Amino acid sequence: MFEGRLLQGSLLKKVLEAIKDLVTDTNFDCSETGIALQAMDSSHVALVSLLLKDTGFDHFRCDRNLALGINLQNMSKMLKCAGNDDIITLKAEDEGDTITFMFESPNQDKISDFEMKLMDIDSEHLGIPDTDYQAIVTMPSAEFQRIVRDLSSIGDTAVIGVTKEGISFSTGGDIGKANIVCRQNTNVDKEEDQTTVEIHEPVSLTFALRYLNSFTKATALSPQVTLSLSKELPIVVEYKIEKMGFLRFYLAPKIEE
Amino acid sequence: ALKQTNIKSFFVTK
């Protein structure tokens with residue numbers, strides 16, 4: 001059987017809120033090392049990769065590898081019934097067709113069990129090669145969210161450029177143009193307010209803002225976001241999940257025909 | 001004109 005008890009249940013609620021509008025159905029792959037998920041959006045433009053390591057759980061048991069087929073909208077409905085401070089336990093039998101979510105209130109005076117039907121999903125797993133990215137930028141996740149939202153009101157695509165000076169986001173549309181530059185700033189008080197640029201080569205790529213906007217639904221998971229870019233490769237937008245792993249989004253670039 | 005690429009074209013199907 002599989003059982004995972006998560007003291008900080010709100011993390012799972014946040015993960016679902018971040019991905020439920022991008023991906024419809026997906027397998028949660030459970031193994032003795034944790035829970036992993038990989039899924040594409042329906043247009044095959046973006047890919048989501050989630051890792052929740054066993055060590056981040058208060059209790060974790062997985063007797064054999066299980067692929068739990070889940071409709072994310074339905075799981076989100078269930079998790080919305082958990083309080084933000086609740087402990088969430090996931091349970092599934094090896095041959096079962098349901099998953100149980102148990103919510104425990106912080107002082108243990110309310111215990112709720114929600115059972116959700118699983119589905120059979122033929123998933124296509126993609127091998128993501130290790131890449132030495134030309135530019136890696138870490139910046140406040142709220143700042144990234146703000147920039148992407150602001151640019152979305154002006155254009156449909158954004159050019160993201162990284163030089164040793166910083167990272168720039170540009171767009172254009174019927175009403176005009178916009179260009180935002182965030183400079184490296186490592187001398188701010190709080191580490192989470194820093195913007196850091198690691199660069200091997202300047203890079204500039206074009207992406208659909210609609211997807212970048214969708215990725216920023218993960219902002220609540222981490223105060224910082226890391227953007228990794230290389231010429232003619234998908235951008236990686238990564239939110240680290242404290243003690244547990246990460247939520248990564250890969251977005252295919254737009255290129256000249 | 002810019003063309004949206006497919007994410008699958010960048011990764012290997014396992």
Side-chain angles (χ1 to χ4, degrees), chain A residues 22-23 27 29 36 38-49 67 122-131 133 155-160 170-173 204-212 214-215 228-237 248-257, chain B:
Chain A
L22 191 63
V23 174
N27 280 322
D29 296 312
Q38 192 197 78
M40 280 178 282
D41 77 295
S42 58
S43 317
H44 294 179
V45 172
L47 180 126
V48 180
S49 172
D122 263 339
S123 70
E124 192 175 15
H125 263 267
L126 298 176
I128 301 167
D130 281 335
T131 306
Y133 285 94
D156 296 329
T157 61
V159 177
I160 302 182
S170 322
T171 192
S204 174
L205 287 163
T206 304
F207 299 100
L209 277 163
R210 186 164 72 85
Y211 288 93
L212 294 174
S214 174
F215 303 164
S228 304
L229 296 110
S230 268
K231 197 182 169 198
E232 290 173 1
L233 280 185
I235 185 174
V236 189
V237 179
R248 287 182 192 147
F249 300 96
Y250 296 80
L251 177 60
K254 291 194 163 208
I255 56 168
E256 288 289 340
E257 281 194 83
Chain B
L2 291 172
K3 187 182 80 169
Q4 175 63 61
T5 53
N6 185 318
I7 195 80
K8 284 167 79 173
S9 64
F10 296 96
F11 300 133
V12 195
T13 307
K14 275 188 193 169

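Order of the sequence lines sets the chain letters (A, B, ...), proteins ahead of strands, with each chain counted from 1. Keep in mind the model is a prediction, meaning the values are calculated, not measured.
- In terms of heavy-atom pairs under 4.5 Å with chain B, the best-connected choice from A:Val45, A:Leu47, A:Leu251 is A:Val45.
- Contact count versus chain A (heavy atoms, under 4.5 Å) is highest, among B:Thr5, B:Leu2, B:Ile7, for B:Ile7.
- Here the CZ-CG distance, from A:Arg210 to A:Asp156, works out to 9.5 Å after rounding to the nearest 0.5 Å.
- Applying the side-chain contact (heavy atoms from CB on, under 4.5 Å) criterion to A:Asn27, with sequence neighbours excluded, gives A:Asp29, A:Ala67, A:Ile121, A:Ser123.
- Ring centroids of A:Tyr250 and B:Phe11 are separated by less than 6.0 Å, placing the two rings close together.
- The shortest non-hydrogen separation linking A:Ser230 to A:Tyr133 is OG-CA, 3.3 Å.
- The choice from A:Ile128, A:Thr206, A:Asp41 that makes the most heavy-atom pairs within less than 4.5 Å of chain B is A:Ile128.
- Residue A:Glu256 touches chain B through both its backbone and its side chain, counting heavy-atom pairs closer than 4.5 Å.
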